[in-house]
Number of protein chains: 2
Amino acid sequence: MLTIGTLGKKTGTKVQTIRYYEQIGLMPEPGRTEGGQRRYGHAELDRLAFIRHARQLGFSLEAIRELLDLSDDPDRPCHEADSIARRQLKQIEQRIARLEALRTELKRMVHECSGGNTSDCLVLEVLRDHSECLTDHEDIGA
Amino acid sequence: MLTIGTLGKKTGTKVQTIRYYEQIGLMPEPGRTEGGQRRYGHAELDRLAFIRHARQLGFSLEAIRELLDLSDDPDRPCHEADSIARRQLKQIEQRIARLEALRTELKRMVHECSGGNTSDCLVLEVLRDHSECLTDHEDIGA
DNA sequence: CTTTGAACCTCTAGCAGGTAGAGGGTGTAC
DNA sequence: GTACACCCTCTACCTGCTAGAGGTTCAAAG
């Protein structure tokens with residue numbers, strides 16, 4: 001039987017985060033000692049490890065919830081899990097593409113800096129300049 | 001004189017967001033009509049365009065605040081703006097590297113999916129499997 | 001058995017960067 | 001002069017945690 005702190009150490013999760021996962025129903029309510037402290041077994045350790053691994057891969061908590069539901073029911077078809085993973089892959093590829101475009105623009109800004117003062121700073125000028133802007137107003141997110 | 005809605009359309013910003021920027025002191029308090037409605041001029045349009053462009057490049061609101069302070073004072077040295085931009089570039093490069101590692105792992109998961117049901121789903125198995133995990137517990141962030 | 005002290009408990013509030021909705025007032029065009 | 005799109009404030013919500021206050025429990029050492 002593991003305390004919450006030990007479970008946290010084993011999975012690289014803060015104690016507060018584990019309690020948070022419990023609160024939102026991602027982790028089950030564990031058994032308690034007489035005094036009311038949480039105690040965990042192997043099943044919980046595995047579940048939390050799964051969650052953390054998926055988080056490291058960038059899955060949202062909602063996607064992880066779906067994956068856990070699937071994995072709790074061994075008869076459901078695999079393609080559901082597969083399509084969640086594909087969706088995730090697509091998102092990540094979009095983010096990479098977006099960030100690469102930003103990198104290009106930032107590199108241009110930085111390399112051309114002349115070293116004077118802000119009145120003729122290219123960094124600021126590029127930001128002020130609308131004409132070279134991406135003009136894609138929709139997706140500003142990460 | 002522009003209404004807040006027009007300003008929003010011209011810059012691709014939601015009305016609520018403009019008011020939010022005002023609230024946190026990123027946009028100035030504009031003039032008002034008799035009836036209390038906000039009215040904006042060119043200076044505000046330029047400032048908001050600057051903010052949105054910087055946001056599209058991934059700068060945080062705090063970084064943007066610094067950049068705006070710099071740009072309000074034309075005598076300050078350019079290298080301050082330059083170093084903010086370089087910092088931003090470094091962050092973006094880190095994010096790209098991280099996402100590329102995730103993409104590799106996700107691709108592996110997805111390509112190997114056999115099409116059975118979840119009891120032998122590779123997606124779920126990879127997530128359950130700790131041994132191939134990145135084991136870097138620290139950086140789970142974006 | 002008692003005492004220490006680290007680890008646990010609940011609860012509330014906060015972070016970024018907004019978004020949504022309730023409930024009501026304004027501005028302008030017909 | 002009235003429709004109705006737009007504006008106003010205020011509060012609460014979103015994701016994914018994190019921090020702190022104020023108090024309790026557990027396990028080991030004496």
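Lettering follows sequence order; numbering is per chain, from 1.
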Q: Identify which nucleotide among dC7(D), dT10(C), dC8(C) has an atom closest to any side-chain atom of T3(A), counting heavy atoms from C-beta outward.
A: dC8(C)
**Q.** Nearest-angstrom distance from the residue atom CD of Q23(B) to C1' of dT11(D)
**A.** 11 Å
Q. For DNA chain D, which residues in residues 59-72 of chain A have a heavy atom at a distance below 4.0 Å?
A. S60(A), L61(A)
**Q.** Distance below 4.0 Å between R38(A) side-chain N/O and dC8(C) OP1 or OP2
**A.** no
Q: List in chain and number order the residues that pass salt bridge (charged side-chain N to carboxylate O under 4.0 Å, His left out) with R87(A), two or more places apart in sequence or in another chain; answer none if no residue qualifies.
A: E66(A)
Q: Using a strict cut-off of less than 4.0 Å between a Lys/Arg side-chain nitrogen and an Asp/Glu carboxylate oxygen, indicate whether E29(B) and R38(B) qualify as a salt bridge.
A: no
Q: Report, as a single string ordered 5' to 3', how protein heavy atoms within less than 4.0 Å touch nucleotides 19-28 of chain C: B base, S sugar-phosphate only, - not at all.
A: SBB---BSS-
Q: Mind checking side-chain hydrogen bond (donor to acceptor under 3.5 Å, both in side chains) for E100(A) and listing every partner two or more places apart, or none if nothing turns up?
A: none
Q: Can you sort out the partners of R39(B) under salt bridge (charged side-chain N to carboxylate O under 4.0 Å, His left out), two or more places apart, ordered by chain and number?
A: none
(Q) According to side chain to side chain contact (heavy atoms under 4.5 Å, CB included), who are the partners of S71(B), at least two apart in sequence or on a separate chain? (A) L124(A), R128(A)
Q | Distance, rounded to the nearest Å, where R32(A) contributes CZ and dC9(C) contributes P | A | 6 Å
(Q) Can you see if the side chain of Y21(B) gets near the phosphate of dG18(C) - specifically, an N or O under 4.0 Å from OP1 or OP2? (A) yes
Q: Send over the distance from I18(A) CD1 to dC8(C) C1', rounded to a whole Å.
A: 12 Å
**Q.** Listed partners of S83(A) passing side chain to side chain contact (heavy atoms under 4.5 Å, CB included), at least two apart
**A.** none
Q: Establish, with yes or no, whether the OP1 or OP2 oxygen of dG17(C) is under 4.0 angstrom from a side-chain nitrogen or oxygen of R52(B).
A: no
Q) Partners of Q94(B) by side chain to side chain contact (heavy atoms under 4.5 Å, CB included), sequence neighbours excluded? A) K90(B)
Q.
Under the salt bridge (charged side-chain N to carboxylate O under 4.0 Å, His left out) definition, can you give me all pairs with a residue in residues 41-50 of chain B, not counting sequence neighbours?
A. R47(B)-D72(B)
